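Single-structure report; data block below.
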Amino acid sequence: MSTQPTSSQAPLGVPSDATLPLRILLLENIHTTAVELFTAASYQVERLNKALPANELKQRLAEGSRTPTQILGIRSKTRLSADVLDASGPLQAIGCFCIGTNQVDLAAASRRGIPVWNAPFSNTRSVAEMILAEVIMLARQLGDRSREVHAGSFRKVSAGCYEVRGKTLGIIGYGHIGSQVGVLAESLGMRVVFYDVVPKLALGNCQSCPTLGALLAQSDFVTLHVPATPQTHGMIGGAELAAMKKGSYVLNASRGTVVDLPALAAALKSGHVRGAAVDVYPEEPEENSDGFVTPLQNLPNVILTPHIGGSTEEAQVNIGREVATSLLRFLSQGATTGAVNFPQIELPPTRNTHRVINVHRNVPGVLRDINRVVSELDANIHAQILSTNDDIGYLIMDLDHDVVQQVSDRLSLLPTSIRTRVLY
Ligand code: NAI
């Protein structure tokens, strides 16, 4: 464990004014890459392999606590409700070392001036690779053959088994994952088409389809990579399955609400759809458990996985690196790029200046009050950037050393200010 740098040794962009060493608490077994990055930047890190119950968490976050936490890292099991956040004292930022942020009351966090980060794209490649594997597994019925040999049945089959070279892969939702799937599929010699509601640059030789119907009519494999929205809810139902080529395949590793599973089961039973790979379900257990039921169970050439598309060691490393890097950039520069509940700004550090950051309620007159403080103290602003959302404004200012603390003290007294501090 190391302590925070002192002002005389602090490199440019590393905060130096804290009287207490800044404490980072990482819960739920967050990957060690994050710990390594924080300790390399000379921060104290405590890493626990479990979530903490609300009461214990409140104690850890409270102002008067022996070890008040300024940066909190969690995964999906820690609930940060308004109640817990309202009890927090010096907490400056939250890192969700996972994809979702449902476990955090984001509005309560921004009310308290606390930005929250996650890692939405760290597992993109993992999902794309799984889809490619499943395309080949479905084409060759590998899931069924493997099950048969495990059960002691040695049955060589070539009927109904195909190469994927030259076949058409239709990608619905050509975002981070969909576009990666397209690139990988072309490397196997597949023809790739996609449909997206937003115009997208087609990578490689991939072609855009004007309508969902055009994609369904020509694809041998249809793979979904859309978000869960009212528009995507049930977007593949009985009519869309009927519009697909006879003998085609469906893959869904996006969200469970997108495909109507009873309709897919019926299309599989009738033989219209030759196989399916499904990783996500309308209702999924919160914990690993037995007794899971879906209408797709026990159908031939159907690969069912328990929402593991993004679950790889590499994704965990990437998540650790991505979120820790965002938090470090916030700590060193005040940058909020990528924060899910905050105005997003960054200002490259300027030499020989000192930085103050201020989070305030976004109400009329607030800028006038901030400018009055700066002008009354005759502060020389070297650089300044402000961004707002409906609720809050976030300001970064680079000032001369002799006034920075006074500006910070005066800004923090404004009734609209939520949080103000000298960063370095
Ligand atoms: P993304 O946001 O980069 O891409 C989504 C794309 O879908 C965008 O291009 C968007 O314009 C498009 N889209 C939205 N509505 C549409 C509609 N009605 N019709 C056609 N296109 C539409 O998202 P990303 O990162 O590629 O993720 C895709 C999905 O994969 C998400 O639902 C995500 O939750 C899921 N996911 C699943 C994982 C797993 O473990 N199975 C892991 C990671 C992500």
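None of these values were measured; they are calculated from a predicted model. Counting starts at 1 for both ligands and their atoms, in listed order.
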Ser81 (side chain) donor-acceptor with Val84 (main chain) under 3.5 angstrom
yes

Exercise check, heavy-atom protein proximity under 4.0 Å to atom 19 (N) of ligand 1
yes

Distance under 4.0 Å to a non-hydrogen atom of Met235: what atoms of ligand 1 satisfy this?
19 (N)

In ligand 1, which numbered atoms sit nearer than 4.0 Å to a non-hydrogen atom of Gly310?
39 (C), 40 (O)

Give a yes/no on ligand 1: does Thr232 have at least one heavy atom closer than 4.0 angstrom to it?
yes

Numbered in order shown, the ligand 1 atoms found under 4.0 Å of a heavy atom of Phe121 are 25 (O)

Nearest-neighbour protein heavy atom for atom 23 (O) of ligand 1, which is reported as residue plus atom name and distance:
His176 N, 4.6 Å

Test of proximity, Gln231 against ligand 1: N or O pairs below 3.5 Å:
no

Of the listed options (Gly309, Ser122, Ala253), which comes nearest to atom 36 (N) of ligand 1 when hydrogens are ignored and any heavy atom counts?
Ala253

Out of curiosity, Arg155 CZ to Glu148 CD, how far, rounded to the nearest 0.5 Å?
4.0 Å

Heavy atoms of the protein only: does one fall short of 4.0 Å from atom 13 (N) of ligand 1?
yes

Atoms of ligand 1 close to Val198 [distance to a heavy atom under 4.0 angstrom, numbered from 1]
11 (O)

Which one of Val135, Leu169, Thr124 satisfies the side chain to side chain contact (heavy atoms under 4.5 Å, CB included) criterion with Val181?
Leu169

Contact region, Val127 to ligand 1, non-hydrogen atoms below 4.0 Å, reads side chain

Counting only heavy atoms closer than 4.0 Å, does ligand 1 sit against the backbone of Asn123, its side chain, both, or neither?
side chain

Specify the protein heavy atom at minimum distance from atom 35 (C) of ligand 1: its residue, its atom name, and the distance to 0.1 Å.
Ser254 O, 3.5 Å

Out of curiosity, is Thr229 lining ligand 1, as in a heavy atom under 4.0 Å away?
no

Closest non-hydrogen protein atom to atom 9 (O) of ligand 1, residue and atom name please, with distance?
Asp196 OD2, 2.6 Å

Output yes when the distance from some N or O of ligand 1 to some N or O of Thr124 is under 3.5 Å, and no in every other case.
no

Measure from the side-chain N and O atoms of Glu28 to the backbone N and O of Lys77, and report whether any donor-acceptor pair falls under 3.5 Å.
yes

Answer with yes or no whether Met130 contacts ligand 1, where contact means a heavy atom under 4.0 Å from a ligand atom.
no

Can an N or O of Val226 be found at a distance shorter than 3.5 Å from an N or O of ligand 1?
yes

Nearest protein heavy atom with distance in Å, relative to atom 15 (N) of ligand 1
Val197 CG2, 3.6 Å

Atoms in ligand 1 flagged as close to Arg255, the criterion being non-hydrogen separation under 4.0 Å:
32 (O), 34 (O)

Over 60° means perpendicular and under 30° means parallel, so classify the ring planes of Phe121 and His176, tilted if in between.
parallel

Whether the side chain of Gln180 engages the backbone of Ile177 through a donor-acceptor N/O pair (distance < 3.5 Å, no angle test) should be reported.
no

May I ask you to list the atoms of ligand 1 that are less than 4.0 angstrom from any heavy atom of His307?
39 (C), 40 (O), 41 (N)

Protein residue, atom and distance nearest to atom 27 (O) of ligand 1, heavy-atom basis
Ile177 CD1, 3.5 Å

Under 3.5 Å: donor-acceptor pair, side chain of Gln344, backbone of Ala335
no

Any chance you could lay out the side-chain hydrogen bond (donor to acceptor under 3.5 Å, both in side chains) test for Asp398 and Thr350, step after step, and finish with the verdict?
CA-CA 7 Å; Asp398 285 353; Thr350 33; 2.7 Å; yes

Heavy atom of the protein closest to atom 4 (O) of ligand 1 (residue, atom name, distance):
Gly175 CA, 3.2 Å

Distance-only, no hydrogens or angles: does the Asp279 side chain make a donor-acceptor pair with backbone N or O of Gly309 under 3.5 Å?
yes

Side-chain (Ser248) to main-chain (Val273) donor-acceptor, under 3.5 angstrom:
no

Tyr174 side chain to Leu203 main-chain N or O, any donor-acceptor pair under 3.5 Å?
yes

Which residue is it: Ile357, Leu386, Asn358, Thr388? I am looking for the one with a side chain to side chain contact (heavy atoms under 4.5 Å, CB included) to Tyr394.
Ile357

Return yes when Ile99 approaches ligand 1 closer than 4.0 angstrom through a heavy atom, no otherwise.
no

Going by the order shown, which atoms of ligand 1 are within less than 4.0 Å of some heavy atom of His225?
5 (C), 6 (C), 7 (O), 28 (C)

Can you tell me if Ser146 uses its side chain to pair, donor with acceptor, with the backbone of Leu142 under 3.5 Å?
no

Between Asp279 and ligand 1, which residue portion shows a heavy-atom distance shorter than 4.0 Å: side chain, backbone, both, or neither?
side chain

Donor-acceptor pair, Gln44 side chain versus Ile24 backbone, under 3.5 Å?
no

Between Arg191 and Asn205, is the side-chain hydrogen bond (donor to acceptor under 3.5 Å, both in side chains) condition met? List the steps.
CA-CA 8 Å; Arg191 180 176 164 263; Asn205 301 312; over 6 Å; no

Contact (N/O only, under 3.5 Å) between Ile308 and ligand 1:
no

Is there a donor-acceptor contact under 3.5 Å from the side chain of Thr78 to the main chain of Ile74?
no

